[in-house]
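None of these values were measured; they are calculated from a predicted model. The residues of the chain are indexed from 1 along the displayed sequence. Because only heavy atoms are used, hydrogens play no part in the values below, and waters and symmetry mates are left out as well, while side chains stay in.
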Amino acid sequence: MQTDSKIHDWRIEPREYARQEERRGRRHAYEHLDPARTALVVSDMVPFFVEASPYACGIVPSIEHIAGALRDAGGVVAWVVPENEAPLGRLSTEFYGRRSARRSR
């Protein structure tokens, strides 16, 4: 994995918080989340994608932190990843790209 990852510096702008507070009377859609009934769905954070993107590498620590905290609180973490077999047959190269399609065989 690359070591020159970019720090994930995404944030919600104050104007968006203000808009939600005006609309619903509070900042967040839900006042309370029950961890036992909560799931974090992580999609496509697979090595061939993450390794190619310093930005994706930069969000891995945040994903790991949130996933660990949710698991510790009794929640579920679901990882959505491409199938191990090449599901598209001869079209796998077109869909994944030559290098990644070879890895999925």
With rounding to the nearest 0.5 angstrom, report the [atom1] to [atom2] distance, [X] to [Y].
X   : Y   : atom1 : atom2 : answer
I63 : W79 : CD1   : CH2   : 6.0 Å
Y17 : H28 : OH    : NE2   : 5.5 Å
E16 : R11 : CD    : CZ    : 13.0 Å
E64 : I59 : CD    : CD1   : 11.0 Å

Results of side chain to side chain donor-acceptor pair (under 3.5 Å) for R15 - residues two or more places apart only: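 Result, side chain to side chain donor-acceptor pair (under 3.5 Å) vs R15: none returned.
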Side chain to side chain donor-acceptor pair (under 3.5 Å) against R71, all qualifying residues, sequence neighbours excluded: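 R71 satisfies side chain to side chain donor-acceptor pair (under 3.5 Å) with no residue once adjacent residues are dropped.
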NZ/NE/NH1/NH2 to OD/OE distance under 4.0 Å, E22 and R19: no
Single-linkage hydrophobic cluster L40~V60, side-chain heavy atoms < 4.5 angstrom: yes
Single-linkage hydrophobic cluster, 4.5 Å side-chain cutoff, L33 and V76 together: no
Side-chain touch Y30/T38, heavy atoms, less than 4.5 angstrom: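 Y30 vs T38: side chains apart.
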Side chains of E21 and R27 in contact at under 4.5 Å (non-hydrogen atoms): yes
Distance-minimising heavy-atom pair for A73 and P35: O-CB, 3.1 Å
Candidate pair V50 and Y55, rule side chain to side chain contact (heavy atoms under 4.5 Å, CB included), full reasoning: CA-CA 8 Å; V50 174; Y55 184 78; over 6 Å; no
CZ/R37: more than 12 non-hydrogen atoms of other groups inside 6.0 Å: no
